[in-house]
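Some notes on the structure that comes next.
In the text below, chain A, chain B and the rest are named by the order of the sequence lines, each starting its count at 1.
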Protein chains: 2
Amino acid sequence: MKWDTLDEEPCSLSRTVAVVGDRWTLLILRECFLRVRRFEGFQSSLQITRHLLSERLKKLVRFGILRRVPYSEAPKRYEYILTQKGLDLYPIIMAMVHWGDAHMGDERGRPLLHEHKNCGRLFDPVMVCSECGEALHAKQVHVHAGPGRREAAG
Amino acid sequence: MKWDTLDEEPCSLSRTVAVVGDRWTLLILRECFLRVRRFEGFQSSLQITRHLLSERLKKLVRFGILRRVPYSEAPKRYEYILTQKGLDLYPIIMAMVHWGDAHMGDERGRPLLHEHKNCGRLFDPVMVCSECGEALHAKQVHVHAGPGRREAAG
DNA sequence: AGGCTATAGTTCTAAAATAGAACTGTCAAA
DNA sequence: TTTGACAGTTCTATTTTAGAACTATAGCCT
C-alpha cells in the first residue's frame with residue numbers, strides 16, 4: 001500500500017486514516033484534548049520515544065491539526081496547540097472513548113467521566129442524523145457514490 | 001510501549017486503540033460496513049497482503065468484533081460478519097468519514113453520500129450529548145476521574 | 001567562571017512489523 | 001487431468017519502531 005498518498009484516495013475514511021490512523025497519533029491527540037501542549041509533557045505521559053514523538057508532532061503540524069507556537073524566546077521553545085481542524089477530531093476521539101467504555105470495560109468501572117458544561121450533567125456521546133436527529137445505526141444507512149467517487153472511477 | 005497490554009490500560013481510548021488503532025484494521029472495518037465479508041473480497045479491494053489480512057482478521061475475531069461463520073461445508077469456507085460489538089464501531093467510522101469530508105476534501109467533491117433510511121434524507125453524522133441533545137464540542141466538556149482511574153492510580 | 005538543571009529536540013543500532021511474492025490444500029467444473 | 005476459485009501459510013527484503021545516548025540553549029546556584 002502506498003501510505004504516502006493515502007490522503008488523496010477517493011475515500012474520506014482513507015484520508016482520515018492517513019492522518020490519525022496509528023496508535024501513537026491517537027494517543028498524542030488524547031493528550032492534546034487533556035490540555036497537554038509541550039514536548040516533555042507528551043513524552044513523559046505517554047512513554048513514547050522522543051524520536052517518534054518528534055516525528056508525529058511534525059506530521060500533525062504539517063496536516064494542520066496542531067500549531068507550533070513559541071512560548072519562550074530565549075531559549076526558543078514551542079508548544080503544540082490544536083487548531084480548529086484538530087479540535088474537530090473530538091467526535092472521533094469521543095466515539096472511541098465511548099466504545100471502549102461500552103465494550104472494553106473491566107470490574108474497576110470507567111476510567112473517566114465526562115460532564116457537559118452546558119447542561120451540567122454526566123453524559124455519553126451519541127451520534128445522530130443531522131436531518132432528523134435520530135440516533136444512527138449502521139443498518140439504517142444507505143451509501144451512494146458521490147461526485148468525488150464517480151469522478152475517480154472515471 | 002507494551003502494545004500487548006494496551007487493552008487493559010485504565011483509559012478507554014487506549015483500549016479502543018489497542019483493537020482498531022491501526023491503518024489496516026480501520027480500512028478492513030470500512031469494507032465490513034460496505035458489506036464485504038470474505039477473505040478474497042477484502043484482499044482484492046484493499047490490496048492488503050494476504051499475510052496481514054489473515055493476521056488482522058484473526059485479531060478482530062479474537063476481540064469479538066467479527067465472527068467467523070462457515071458458508072460452505074466442502075471445502076470448508078468461512079466469512080467474517082460484524083458482531084454487535086463490531087456494529088457498535090459505526091460511530092467511530094462515521095466520525096472519521098465526516099472529518100475527512102470536512103477537512104480533507106478536494107475539488108472532486110465527496111466520495112460517498114449517506115442516506116438515513118428512517119428519514120430518507122442525505123445526512124451528516126453529528127455527535128450530541130446524551131442528556132441534553134446539544135451538539136458536543138471539546139471545550140464544553142469537563143473530564144473527571146472515574147472509579148476505574150482512581151482505582152488504577154491508588 | 002563552572003557545574004547543574006530544564007526543555008526540545010537529533011542520532012544511532014537493534015528489534016519488530018510490513019511488503020511482496022510464492023506456495024499449500026480442498027474441491028468443483030471443463 | 002487440468003484449470004480455477006478460495007482461504008489461507010511461508011519465506012525474504014525492506015521499513016518502522018524501540019531504546020538509549022547525544023546535542024544545544026539558557027537560567028540558576030555557588
Task: Spatial distance of atom CG (B:Asp124) from atom CG (B:Asp101) [nearest 0.5 Å] - done: 7.0 Å

Open item on the list: Under 4.0 Å, heavy atom to any atom of DNA chain D: which of residues 26-37 of chain A qualify?
Closed with: none

Task: Whole angstrom value for the distance that separates C1' of C:dT10 from CG of A:Leu52 - done: 13 Å

TODO: Please determine if A:Arg37 forms a cation-pi arrangement with A:Tyr80, meaning its NZ or CZ atom is less than 6.0 Å from the six-membered ring centre and no more than 45° off the ring axis.
DONE: no

Task: Cation-pi geometry met for B:Arg77 and B:Tyr71 (6.0 Å, 45°) - done: no

- [ ] Write out all pairs satisfying ring-ring contact (aromatic ring centres under 6.0 Å, His included) with one or both partners inside residues 86-119 of chain A, taking only residues at least two apart or from two chains.
- [x] A:Phe33-A:Tyr90, A:Trp99-A:His103, A:His116-A:Phe123

- [ ] Could you check how far CG of B:Leu53 sits from P of C:dG20, rounded to whole Å?
- [x] 15 Å

TODO: Summarise how protein sits on nucleotides 3-12 of chain D as a single string, 5' to 3': B when a protein heavy atom is under 4.0 Å from the base, S for sugar-phosphate-only contact, - for no contact.
DONE: --BBBBBBB-

TODO: Using the test side chain to side chain donor-acceptor pair (under 3.5 Å), find all partners of B:Glu40 that sit at least two apart in sequence or belong to another chain.
DONE: B:Arg50

Open item on the list: If I take atom CD1 in residue A:Ile48 and atom P in nucleotide D:dG19, what distance separates them, rounded to the nearest angstrom?
Closed with: 11 Å

- [ ] Ignoring backbone atoms, test whether A:Trp24 places a side-chain nitrogen or oxygen under 4.0 Å from the OP1 or OP2 oxygen of D:dA18.
- [x] yes

Open item on the list: Without decimals, in angstroms, what is the distance between A:Arg23 CZ and D:dA18 P?
Closed with: 10 Å

Task: Integer-rounded Å distance: C:dT10 P and A:Gln43 CD - done: 14 Å

Task: Pair listing, ring-ring contact (aromatic ring centres under 6.0 Å, His included) test, anchored in residues 127-152 of chain B, at least two apart - done: B:His142-B:His144

TODO: Indicate whether OP1 or OP2 belonging to C:dA19 is found under 4.0 Å from a side-chain N or O atom of A:Trp3.
DONE: yes

- [ ] Specify the separation, in whole Å, of atom CD of A:Glu73 and atom P of C:dT7.
- [x] 18 Å

Task: Which residues share a side chain to side chain contact (heavy atoms under 4.5 Å, CB included) with A:His51, sequence neighbours left out - done: A:Thr49

TODO: Find the distance between CG (A:Leu66) and CD (A:Glu79) and round it off to the nearest 0.5 Å.
DONE: 11.5 Å

- [ ] Would you mind reading off the distance between B:Arg56 atom CZ and C:dA19 atom C1', rounded to a whole angstrom?
- [x] 12 Å

Open item on the list: Ignoring hydrogens and geometry beyond distance, is a side-chain donor-acceptor pair present between B:Ser14 and A:Arg30 at under 3.5 Å?
Closed with: yes

